[in-house]
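Please read the structure below before turning to the comments.
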Amino acid sequence: MATRIRLQRFGKKNQAFYHLVIADGRAPRDGRFIEQIGTYNPLTHPATVNINFDRALYWVEAGASPSDTARSILKHEGIYLMKHLRGGIAKGALTQLDADRKFDAWKQEKDSKLGNLKREISEKQRAELKK
């Protein structure tokens, strides 16, 4: 069975909300799925993503092929980075401690960029309200 990681659409017209699901490749977009691993809300700025990291990593390592948008979301959340680091551990190029340090440094940098973006947006909104 060819498993796919894809988005399942919910929400009203022009108010899309998605579930990130594992589904058989032959199943329709909003049809049967094997497991739900997260949610994605593109309407917020920046977009809100909630993923069960461990289950998503399991399915990526098990060979589930993601859709283009799902792959983008998984890369943004660091799942593909962790898969890459685990491959280095398996080959003996890294230790678990080194891999954890690299992932934590990446995550911290990503969180700081996201925090700066949110702060800039809130400052811009305050400035518009004062006018």
Side-chain angles (χ1 to χ4, degrees):
M1 175 171 64
T3 54
R4 300 270 300 166
I5 302 173
R6 65 168 71 147
L7 297 175
Q8 188 177 40
R9 191 182 195 283
F10 286 88
K12 299 177 187 176
K13 187 191 321 184
N14 297 324
Q15 295 181 356
F17 181 83
Y18 298 95
H19 288 188
L20 203 62
V21 297
I22 310 299
D24 183 2
R26 298 168 292 186
R29 180 192 73 179
D30 297 336
R32 286 182 43 186
F33 61 91
I34 299 168
E35 181 179 356
Q36 178 184 338
I37 59 172
T39 60
Y40 169 60
N41 185 0
L43 298 177
T44 61
H45 187 70
T48 307
V49 178
N50 297 320
I51 291 183
N52 183 341
F53 190 86
D54 295 331
R55 293 305 295 168
L57 184 60
Y58 165 78
W59 281 105
V60 168
E61 288 179 339
S65 59
S67 66
D68 293 338
T69 307
R71 180 180 291 112
S72 172
I73 291 169
L74 294 175
K75 282 182 181 180
H76 187 272
E77 293 298 309
I79 292 166
Y80 273 94
L81 176 63
M82 183 56 81
K83 179 185 176 201
H84 174 74
L85 292 172
R86 281 192 175 182
I89 293 168
K91 291 179 182 177
L94 292 171
T95 63
Q96 182 67 39
L97 188 60
D98 292 337
D100 290 340
R101 282 188 197 140
K102 286 185 178 189
F103 184 77
D104 291 339
W106 175 84
K107 189 74 166 169
Q108 195 172 39
E109 180 182 341
K110 178 187 163 252
D111 290 343
S112 68
K113 286 181 182 178
L114 190 61
N116 290 341
L117 178 65
K118 286 181 179 179
R119 187 170 9 91
E120 288 175 9
I121 291 170
S122 64
E123 288 173 0
K124 195 179 284 187
Q125 288 175 346
R126 281 188 222 137
E128 289 177 2
L129 289 175
K130 288 182 180 180
K131 290 182 181 181

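Nearest heavy-atom pair, A47 versus P42, reported as atom, atom and distance to 0.1 Å: CB-CA, 4.0 Å. Of all heavy-atom pairs spanning L85 and A99, the tightest one is CD1-O, 3.5 Å. Minimum interatomic distance between D24 and A2 (heavy atoms only, all atoms of both residues): OD1-O, 3.3 Å. Nearest heavy-atom pair, P66 versus A64, reported as atom, atom and distance to 0.1 Å: CD-O, 3.5 Å.
Distance check: K110 NZ to E77 CD gives 4.5 Å after rounding to the nearest 0.5 Å. For the atom pair CD (Q96) and CG (D100), the distance works out to 4.5 Å, reported to the nearest 0.5 Å. Taking CZ of R55 as the start and CD1 of I22 as the end, the distance is 8.5 Å to the nearest 0.5 Å. In this structure, CG in D54 is found 11.5 Å from CD1 in I37, a value given to the nearest 0.5 Å. Here the straight-line distance linking atom CZ of R86 with atom NZ of K83 works out to 11.5 Å at 0.5 Å rounding. The distance from the CD1 atom of I121 to the CG atom of N116 is 11.0 Å, given to the nearest 0.5 Å.
Taking the salt bridge (charged side-chain N to carboxylate O under 4.0 Å, His left out) definition, one finds that D98 meets it with R101, sequence neighbours left out. Residues that satisfy the ring pair (Phe, Tyr, Trp, His ring centres under 6.0 Å) test with H76, not counting sequence neighbours, are absent from this structure. Qualifying side-chain contact (heavy atoms from CB on, under 4.5 Å) partners for H84, counting only residues two or more places apart in sequence or in other chains: none.
Looking at D104 and K107, no side-chain N of the basic residue comes within less than 4.0 Å of a carboxylate O on the acidic one, giving no salt bridge.
Annotation: side chain of R71 is in contact with side chain of Y80 (closest heavy-atom distance under 4.5 Å).
Here the options are I79, I51, N52, the test is side-chain contact (heavy atoms from CB on, under 4.5 Å), and the partner is L57; only I79 passes.
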Give the table of side-chain donor-acceptor pairs shorter than 3.5 Å for residues 13-20, with sequence neighbours excluded, one pair per line with atom names and distance.
unit_1 : atom_1 : unit_2 : atom_2 : d
H19    : ND1    : Q36    : OE1    : 3.3
H19    : ND1    : Q36    : NE2    : 3.4

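Between the D30 side chain and the R9 main chain, a donor and an acceptor come within less than 3.5 Å of each other.
Sorted by first then second residue, the ring pair (Phe, Tyr, Trp, His ring centres under 6.0 Å) pairs that include residues 88-108, not counting sequence neighbours, are F53-F103, F103-W106. Evaluation of the salt bridge (Lys or Arg N to Asp or Glu O under 4.0 Å) test over residues 113-127, restricted to residues two or more places apart or in two chains, returns E109-K113.
Linking Ile, Leu, Val, Met, Phe, Trp and Tyr whenever their side-chain heavy atoms come within less than 4.5 Å leaves V21 and I73 in two separate clusters. Note on F33: it does not cluster hydrophobically with I5, by side-chain heavy-atom contacts below 4.5 Å among ILVMFWY residues.
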